[in-house]
Amino acid sequence: MSIGLEADGAAADAGSGAPIPSVDVAPETQPVAWRHRHLLDVDGLSAADLDLVMRTTDAMREVLARPIAKVPALRGRQVTILFYEASTRTRVSFEVAARNLSADVVNIAAASSSVAKGESLIDTVRTVEALGAQLLVLRHAVSGAPYLAAEVFGGSVLNGGDGWHAHPTQALLDLYTMRERLPGGSLAGRKVVILGDVLHSRVARSNIWTLTAAGADLWLCGPATLLRGFEAWAGRGAAAGRRFHVTTSVDEALRDADVVMALRIQRERMAAGLLPSLREYAARYGLTRERLALAQPGALVMHPGPMNEGVEIAADVAAGAQSVITDQVTNGVAVRMALLYLLAGTHRGEVA
Amino acid sequence: MSIGLEADGAAADAGSGAPIPSVDVAPETQPVAWRHRHLLDVDGLSAADLDLVMRTTDAMREVLARPIAKVPALRGRQVTILFYEASTRTRVSFEVAARNLSADVVNIAAASSSVAKGESLIDTVRTVEALGAQLLVLRHAVSGAPYLAAEVFGGSVLNGGDGWHAHPTQALLDLYTMRERLPGGSLAGRKVVILGDVLHSRVARSNIWTLTAAGADLWLCGPATLLRGFEAWAGRGAAAGRRFHVTTSVDEALRDADVVMALRIQRERMAAGLLPSLREYAARYGLTRERLALAQPGALVMHPGPMNEGVEIAADVAAGAQSVITDQVTNGVAVRMALLYLLAGTHRGEVA
Amino acid sequence: MSIGLEADGAAADAGSGAPIPSVDVAPETQPVAWRHRHLLDVDGLSAADLDLVMRTTDAMREVLARPIAKVPALRGRQVTILFYEASTRTRVSFEVAARNLSADVVNIAAASSSVAKGESLIDTVRTVEALGAQLLVLRHAVSGAPYLAAEVFGGSVLNGGDGWHAHPTQALLDLYTMRERLPGGSLAGRKVVILGDVLHSRVARSNIWTLTAAGADLWLCGPATLLRGFEAWAGRGAAAGRRFHVTTSVDEALRDADVVMALRIQRERMAAGLLPSLREYAARYGLTRERLALAQPGALVMHPGPMNEGVEIAADVAAGAQSVITDQVTNGVAVRMALLYLLAGTHRGEVA
């Protein structure tokens, strides 16, 4: 079953009854119903796939709670983290996830790498594979770059964020965090607001797929300049039975919301004339305590990080009792452990 | 017993008789009289604390002498090294120390991190903890930053150097090196000279505490512009029974000295008008063979590194028979192993 | 037996019958006929040395083919990779090689290190040793820097490329790749072409030694401005019984070649007036499918990487059936494992 726009919105909450892997041992020894060699976006994941990721993440959370938070599952596998954009938290999250599975990690940052010498992405990916990589985590400023990498890489590619296009592990950790923290554990019918610079956000694009698939009542909110094109998408989504709204009214969006996810504002957007000023943005769209009071009592506050405190989110809201922002970070490690584990199970980790 | 300015200067040399941990096993299994969750400066360490650090360092030196210089003591613990200032030797020293204890190490350099995106230190520290860090080594250009980090971090913070304020692990490795190399193993009554840019030196500030506490006869020497404010400190120290002198006369300082520690001169100080030129500094304050002849025969030559050879220290002195500069480096690894071990014993290493 | 210019060209192909180490265990337990503490260049390696490297590399290839491509041979040893020039593939290759042998790896990149503060190479090497390094992999822009490092370093220095001078591990992996892929496994009498910017290439210089020693019929080809001085070298080599030719004619060079190795063109060469333009270089010397047709059917295509596709080599040739470029990368890991293993066997890995 696909979770494309035509899908039953509530499907992702349905438990599949499929077996959960015993994550202490190598994944290819486990009977797991996972068939995707790569994780390039969330739009190809079925409800059963999402369910398997969520339940494997549960198993990884249990590992993280142990005094020694490690399993030998991926011992001897090589995970290469190839980042063409700077990112501390995502890079470290993948690195810690891989090490918790006992994999070897190779970090390659574009700034200090031969890519500065004009080496092509394809040549780099072939080289990385020849150096022994079996799992490749790729972040790239160009939308679609991980698809190109997947065409030539012999192992598994995990998209760590590509341009404005997709950030699948972020969407999955967000989904996990909401299911964990919302009463009842289901998103069905829950009002979820994504607030801010939706236009340039790969986080928003990937979350739109998973949240509407999970049956949420999704609202995108921000200045009109930062919502361009999403009206049409919302219209198609609604036609396909998904609950998907777009508004420039922060009051309309926040009223009775169950979850509010603020997005990072990039300062570069002002230069492009898309924003008047950070000060005005903060005044009109910043997630303050007053605005949050419009939402349900106990509504979850989320942010993919890193935050501009005082701009898209007030510091007291970010650190407040309703914030699950640090849960997102910890769940990010667990979700990435789950994904590395599941993908590794689709191939034998051997150097030719 | 505190080693504040009122303390008995010789106290730190007194053996406490407390048990030394068996460093091959996890620290929380050991009966250790260590009660500090963080290491932010040396000014809160009692004579018994200093003694425990010294003796635990002895145990770590023994580990370093093994064919395989590793113990499993911190297996499964995560040490994050978060450096907002570039530093090779201190970063690598902590990294090697943590790995020798079998901990997992995460390196975050500010230059390549999200801190460039304006993320606040507090948000970064919370994120680092959510990613699994249990021990956080922090270097920051702002004095006091590790105190801020300690307020929000759930594990232990080790100050790896903050602004001009403190560099506690450097002072402790210097203390260890002097005790190891001075005949009799005691600093009581020994003339120790710190030579150079005292004003901007966190190394000097931390050493002032430990060396006067250990009973040394401490002399600070440099151009008057680089000693501002230390006259008053020395006066208060002397009033409290510490032996603490300040002079601009290099001859007076070096005469009969037992230890001479040259400090690094930063080229930026010239732009600020604090120094006429490196050439003139070298001529007037550089530690040359001729000047060293004023000290006791066999006086120890120290430098925290990295050196400007030919400026604050002549190359032949740095590499000469009296130099213990490479001992400082090796002892730095051992002292950091000891501190990581002792701090880790104060909390259970679990992810919530 | 030396492989200097006076040497018997075919010697390196002669099997020595010496025992091959059992690479699963620590090297100092093995009866190995390896006597070089450092690897600074290939010109000091005898035919028996080359043979031992090749056969130890065979053993490492066998390790790489295992499901878990690791051996415990260098457990507890510290390998420091100190690179004063940016390089992804060589740095990662050494890092993976060291980890596959279970060594601990410390990475130091000059850009983010204290070398920016003016620390001398000698001081850095002494510090690296005091921090525990037993094997030091050094890349430096200054020819000869590894020789200086070897004078002060107590362990083993591996030259990871110095200026225009030498890149011994590259020459050895190239030799291994040719022996593996050429029918019969011997280079004796084979026509090998090195095409491009020979003048600035440490890869070319190191390959000249090993290839002529192995009995190849070596041809250097490129614009006259990039071949300066090699005519004289070739003349001396020919006088000493080596087969060594220099030509500006790409047709003459490629005709009936068994191996064609294209070298990277640095864009900086144009500014220096050594090249008219990349476009003209590609037109006159680029390795295209048409030019490759002059060579033997099935002639091997090699490149040390990173490639400027469309300049010194056409993309279809680089990715074509005759290309062994990714084999070079994988063999690079195996050859570096072999060299780390052999060098480590020459000393006991203990911190003083």
Side-chain angles (χ1 to χ4, degrees), chain A residues 60-71 83 85-100 102 105 107 109-112 173 264-268 278 303-311 313 315 318-319 323-334 336-337, chain B residues 25-29 72-84 86 95 98-99 101-134 136 148 151-155 344 347-352:
Chain A
M60 295 304 178
R61 285 295 307 253
E62 185 271 316
V63 171
L64 290 181
R66 299 179 189 174
I68 293 184
K70 289 175 99 77
V71 288
F83 269 36
E85 288 184 335
S87 162
T88 298
R89 66 179 65 209
T90 306
R91 190 262 300 171
V92 172
S93 182
F94 273 110
E95 183 177 331
V96 170
R99 292 223 206 120
N100 288 348
S102 302
V105 179
N107 271 304
S112 64
L173 75 88
R264 175 176 182 78
I265 286 291
Q266 312 277 355
R267 285 159 202 273
E268 308 88 89
L278 291 188
H303 192 293
M307 294 184 280
N308 293 305
E309 292 184 356
V311 183
I313 190 166
S323 170
V324 295
I325 295 172
T326 55
D327 297 73
Q328 289 176 274
V329 176
T330 300
N331 289 336
V333 174
R336 291 177 178 114
M337 289 170 73
Chain B
V25 297
E28 65 272 18
T29 67
L74 298 196
R75 199 169 91 75
R77 310 283 178 112
Q78 194 183 113
V79 176
T80 293
I81 301 175
L82 174 63
F83 268 35
Y84 287 77
E95 182 177 331
R99 292 224 205 118
L101 298 169
S102 302
D104 287 321
V105 179
V106 170
N107 272 304
I108 302 178
S112 64
S113 101
S114 287
V115 298
K117 298 185 193 170
E119 192 179 28
S120 76
L121 175 63
I122 287 178
D123 186 27
T124 300
V125 169
R126 285 198 180 110
T127 300
V128 158
E129 181 177 353
L131 288 166
Q134 290 149 340
L136 173 63
L148 186 61
E151 282 181 21
V152 297
F153 188 64
H347 54 91
R348 299 288 314 190
E350 292 170 333
V351 172

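Numbers restart at 1 for each chain; the letters A, B, ... are given by sequence-line order, proteins then strands.
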Practice task
List for me each residue that meets salt bridge (charged side-chain N to carboxylate O under 4.0 Å, His left out) alongside B:Glu151, sequence neighbours excluded, and say none if there are none.
Solution key: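 Per chain and number, B:Glu151 pairs via salt bridge (charged side-chain N to carboxylate O under 4.0 Å, His left out) with no residue.
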
Using 0.5 Å steps for rounding, measure from the [atom1] atom of [X] to the [atom2] atom of [Y].
X	Y	atom1	atom2	answer
A:Glu95	B:Asp104	CD	CG	9.5 Å
A:Met307	B:Thr127	CE	OG1	6.5 Å
A:Thr326	B:Glu129	OG1	CD	8.0 Å

Handout entry: Heavy-atom closest contact (B:Gly76 atom, A:Lys70 atom, distance)
Key =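 B:Gly76 and A:Lys70 have their closest heavy atoms at CA-CD, 4.3 Å.
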
Exercise for the section: Please check if the side chain of A:Arg89 supplies one atom and the backbone of B:Leu131 the other of a donor-acceptor pair under 3.5 Å. Expected result: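 No; zero donor-acceptor contacts below 3.5 Å.
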
Exercise for the section: Identify which of B:Arg126, B:Gln78, B:Arg75 forms the greatest number of heavy-atom pairs closer than 4.5 Å to chain A. Expected result: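 Winner by heavy-atom pair count: B:Arg75.
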
